[in-house]
Amino acid sequence: GDFFPINSTCWPRCDRWVTNKGVMLELSIITSGSVAVISGVVFFIVAVCQRKTRFSFPKIFVVYLTGDIMAFALLGIISYIDRDTLFCTSPNLITSIHHSSTFCNVSGAGFLYLLWHMSLLWFSHVMAMFAKLKWPLYARKVALGGYCKYIHASSITGITMISTIPIIAVFSMSEF
């Protein structure tokens with residue numbers, strides 16, 4: 001059953017606990033994750049074929065976003081397919097909730113990092129495109145002067161460093 005007795009008290013089983021037993025939900029999670037990964041692979045193949053335009057600044061941010069979306073989808077698929085053995089640290093659901101597994105902590109940190117990283121990449125891409133449209137002469141001067149590689153490197157370094165701040169904050173408060 002969904003419960004097991006300990007000292008004449010029924011406790012919920014970790015491997016049987018689900019929030020929704022709908023088959024459509026399971027299929028939609030796996031299908032949407034698979035579509036995201038397949039679409040990302042196709043995009044990367046096209047991007048490599050068109051590398052002169054796709055890997056230029058600021059279009060490179062779209063390539064980074066695609067990689068993040070693929071990683072996010074793969075992490076979601078792995079978490080969903082094997083959720084019983086990856087998240088349960090004991091047969092008791094209450095114990096598993098209070099003492100989370102290493103995969104639970106790592107996947108949570110991965111989801112948090114990827115969400116922050118994707119948000120900041122999107123913001124940087126929008127701001128770079130806005131600057132190119134708002135000040136086209138200055139953008140041309142920057143591109144011809146070779147300064148795009150410095151802007152690109154500094155923005156990626158900043159985005160990566162800022163994205164790790166929430167993870168450091170979460171792990172400093174937990175007993176991981």
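Predicted model only: the values in this text are computed from it and were never measured.
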**Study point:** Heavy-atom pair of closest approach, residues Val63 and Ala47
**Key:** CG2-CB, 4.5 Å
Point to revise | pair Leu121-Ile156: side-chain heavy atoms closer than 4.5 Å | key: yes
Exercise for review: Locate the shortest heavy-atom distance separating Gly33 from Ile77; write the atom from each residue and the value.
Suggested key: C-CD1, 3.4 Å
**Study point:** From CD1 (Ile60) to SG (Cys148), nearest 0.5 Å
**Key:** 12.0 Å
Check your understanding: Are the side chain of Thr160 and the backbone of Thr157 linked by a donor-acceptor contact shorter than 3.5 Å?
Key -> no
Point to revise | Separation between CZ of Phe130 and CZ of Phe123, rounded to the nearest 0.5 Å | key: 10.5 Å
**Study point:** same_hphob_cluster(Met118, Ile162) at 4.5 Å side-chain heavy-atom cutoff
**Key:** yes
Check your understanding: If you look only at pairs with a residue in residues 52-75, which of them pass as a side-chain hydrogen bond (donor to acceptor under 3.5 Å, both in side chains), with sequence neighbours excluded?
Key -> Gln50-Arg54, Tyr64-His152, Asp68-His117
Exercise for review: Would you kindly confirm whether Tyr147 and Phe55 end up in one hydrophobic cluster when ILVMFWY residues are joined by side chain heavy atoms under 4.5 Å apart?
Suggested key: yes
Review point. Looking at CZ of Phe72 and CG of Leu115, how far apart are the two atoms once the value is rounded to the nearest 0.5 Å?
Key: 4.5 Å
Review point. Is there a path from Ile38 to Val62 through hydrophobic residues (I, L, V, M, F, W, Y) whose side chains come within less than 4.5 Å of each other?
Key: no
Check your understanding: According to the side-chain hydrogen bond (donor to acceptor under 3.5 Å, both in side chains) rule, which pairs have a member within residues 120-132, sequence neighbours left out?
Key -> none
Practice item. Might you point out which heavy atoms bring Ala73 and Val37 nearest each other, and give the distance in Å? Key: CB-CG2, 4.0 Å
Check your understanding: Does Ile45 share a hydrophobic cluster with Val48, counting links as ILVMFWY side-chain heavy atoms below 4.5 Å and allowing steps through other members?
Key -> yes
Practice item. Step by step, work out the side-chain contact (heavy atoms from CB on, under 4.5 Å) result for Phe44 and Met70. Key: CA-CA 11 Å; Phe44 277 126; Met70 287 175 54; 3.4 Å; yes
Point to revise | Val35 with Ile78, same ILVMFWY side-chain cluster at under 4.5 Å | key: no
Exercise for review: Run the numbers on Ile69 and Leu114 for side-chain contact (heavy atoms from CB on, under 4.5 Å), then give the verdict.
Suggested key: CA-CA 8 Å; Ile69 290 169; Leu114 287 170; over 6 Å; no
Check your understanding: What's the spacing between Ile159 CD1 and Trp116 CH2 if we round to 0.5 Å?
Key -> 12.0 Å
